[in-house]
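First up is the structure itself, then whatever we jot down about it.
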There are 2 protein chains.
Amino acid sequence: MSKLGKIETGEPLADRRIDILDAAARAFMRQGFAATSLDRVSDEIGSTKGAIYYYYRSKSELFFAVHRRGMELTQAAIRPSFETPASARDRLHGMAVAHTILVIDHLPYLRVIAQGLEMHLLERTNESERAELADVAALREANENLYIRVIKDGVASGEFRSVDAKLAAKPLLGALNWTSRWYQPRPGETQAAKKRVAESIADFVVAGLEKKN
Amino acid sequence: MSKLGKIETGEPLADRRIDILDAAARAFMRQGFAATSLDRVSDEIGSTKGAIYYYYRSKSELFFAVHRRGMELTQAAIRPSFETPASARDRLHGMAVAHTILVIDHLPYLRVIAQGLEMHLLERTNESERAELADVAALREANENLYIRVIKDGVASGEFRSVDAKLAAKPLLGALNWTSRWYQPRPGETQAAKKRVAESIADFVVAGLEKKN
DNA sequence: ATGTTGCAGCCTACCGAGTAGTATGTTTGG
DNA sequence: CCAAACATACTACTCGGTAGGCTGCAACAT
């Protein structure tokens, strides 16, 4: 009864892999990639390094996996609002709210990806690591592109000021991603309280682009 | 002629200390605190670890010094606009432009402080380190407070929407600090080009707070 | 029902590389 | 010639990665 969980899942081992991934995300969030030892990650789940190396081939692969999951969570969170048939203003507002609530609810993953990854492997990277890096970078770009496109839509419709969408997306993403840096989870925080924070930030970024009247 | 520079300075050794500090900022920017060895920092100035330990007592102290300088540069950059007798809107705009140009011109320091420091020393800190941490945190808070105060001024004067100034300062700072993450220095970039980026970001954060008409 | 066997899923012990900090030697300008 | 300003050599320690061993469940044979 102890070590299964792959009974009904199509992908065996998936649960254990995610347990490890969650532990890694928490550890990387607190101490960063370089300062986190795999011994501490495995401690987090009451296990040893051997367990990690059974599921992941290296520390870098584990790090990339955290990034990948964070990016996929983000894409899943913001895409619905992006695809909603509505004004650019409302779509962007919905994306920003969803994005911020995601940050609050999955802080470890989102804080890790907000820290970036290029920093950690300017050198000493082998072939497969560089491929994974490019892969994760593509996911990040895909998320950014959703924002760029909605900005362009708003400019085209006249809702937003005439800005360079690629450039304007930068402070927008900064405002959103920064939440992962200052937000501190509170034990009994209600969903309504989270929503209020998210709305406030969404209002800010939408207003930053809208025309004055 | 090689190792002086304290001839006219009130503070002896100041030049060499700053050389080391600059090298440390560049190294920390590229690889982060934990992944940067002091051997690499000293390589950066064609020296060895002994030189660093002559001027700084530990790696942590050097890291704190980088943060402190970054905070002081920021304070020096934004305070003039803050104190200008003008509308809250114009003061904030001036602060944001100055802030962004500072980021561009002193990228190593600003990127390091945008990465944060609490992360790196949750444990294993001695007494003096905790004192320095509190000190740097106070500087950070002082910078944030300038933005909070100008937001409050704008709300009071009716220029800005009725926002919670402390909360609204978060995405604002995120939008500004994020520049240190995406900006890549280009060799022949003109001052006018930098200014254009800074104006764009300043427009964004000011519009994020202003009333619609 | 009961032994037997195979292998997934770990754990343990270890190695080698890298690094913060220190102790001591060395140079050079005044 | 002496101290400031380093350089060099060394120690103690951490940590990524690996090799090999252990264990308990499961599936089959009897």
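Here is how names work: the chains are called A, B, and so on, in the same order as the sequence lines, proteins then strands, and each is numbered from 1. The figures here come from the full heavy-atom set of this structure, side chains too, leaving out hydrogens, waters and symmetry mates.
For T48(A), the listed nucleotide lying nearest its side chain is dT12(C); candidates were dG17(D), dA5(D), dT12(C). With dA20(C), dA5(D), dC10(C) as the candidates, the nucleotide lying closest to the side chain of Y55(B) is dA5(D). Taking the side chain of Y54(B) as heavy atoms from C-beta on, and the options dA4(D), dC10(C), dA20(C), the nearest nucleotide is dA4(D). Ranking dG21(C), dC10(C), dA7(D) by closeness to the A51(A) side chain, first place goes to dC10(C). Here dT18(D) is the nucleotide among dC6(D), dG21(C), dT18(D) with the atom lying nearest to any side-chain atom of K49(A).
Atom pair E61(A):CD and dG16(D):P shows a separation of 15 Å (rounding to whole Å applied). We find that CD1 of I45(A) is positioned 8 Å from P of dC11(C), with the value rounded to whole Å. Spacing between atom CD of Q31(B) and atom P of dA20(C) amounts to 11 Å, rounded to whole angstrom units. If you measure from atom CD1 of I52(A) to atom P of dG9(C), you get 16 Å, rounded to the nearest angstrom. Rounded to an integer number of Å, the gap from R17(B) CZ to dA4(D) C1' is 15 Å. In this entry the distance linking NZ of K59(A) with C1' of dT18(D) reads 17 Å, nearest Å. For the pair D15(A) CG and dA8(C) P, the interatomic distance rounds to 18 Å; values are reported in whole Å. Atom pair Y53(B):OH and dG21(C):P shows a separation of 4 Å (rounding to whole Å applied).
One side chain, S128(A) or N126(A), offers a donor N or O that lies under 3.5 Å from an acceptor on the other.
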Practice task
Check the pair K59(B), I52(B) against side-chain contact (heavy atoms from CB on, under 4.5 Å), reporting the backbone distance first and the verdict last.
Solution key: CA-CA 9 Å; K59(B) 189 184 179 186; I52(B) 295 180; over 6 Å; no
Exercise for the section: Decide side-chain contact (heavy atoms from CB on, under 4.5 Å) for R17(A) and I20(A); before the verdict, give the C-alpha distance in whole Å, the side-chain angles of both, and the deciding distance to 0.1 Å. Expected result: CA-CA 5 Å; R17(A) 273 181 71 90; I20(A) 292 173; 6.0 Å; no
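Across all strands, S42(B) comes closer than 4.0 Å to no nucleic acid atom at all (heavy-atom distances). Backbone-only engagement by S37(A) is indicated by non-hydrogen atom pairs under 4.0 Å involving sugar-phosphate atoms exclusively.
Comparing L38(A) and G50(A) against DNA chain D, the residue whose closest nucleotide sits nearer the 5' end is L38(A).
The aromatic rings of F63(B) and F33(B) sit tilted relative to each other, their planes meeting at an angle between 30° and 60°.
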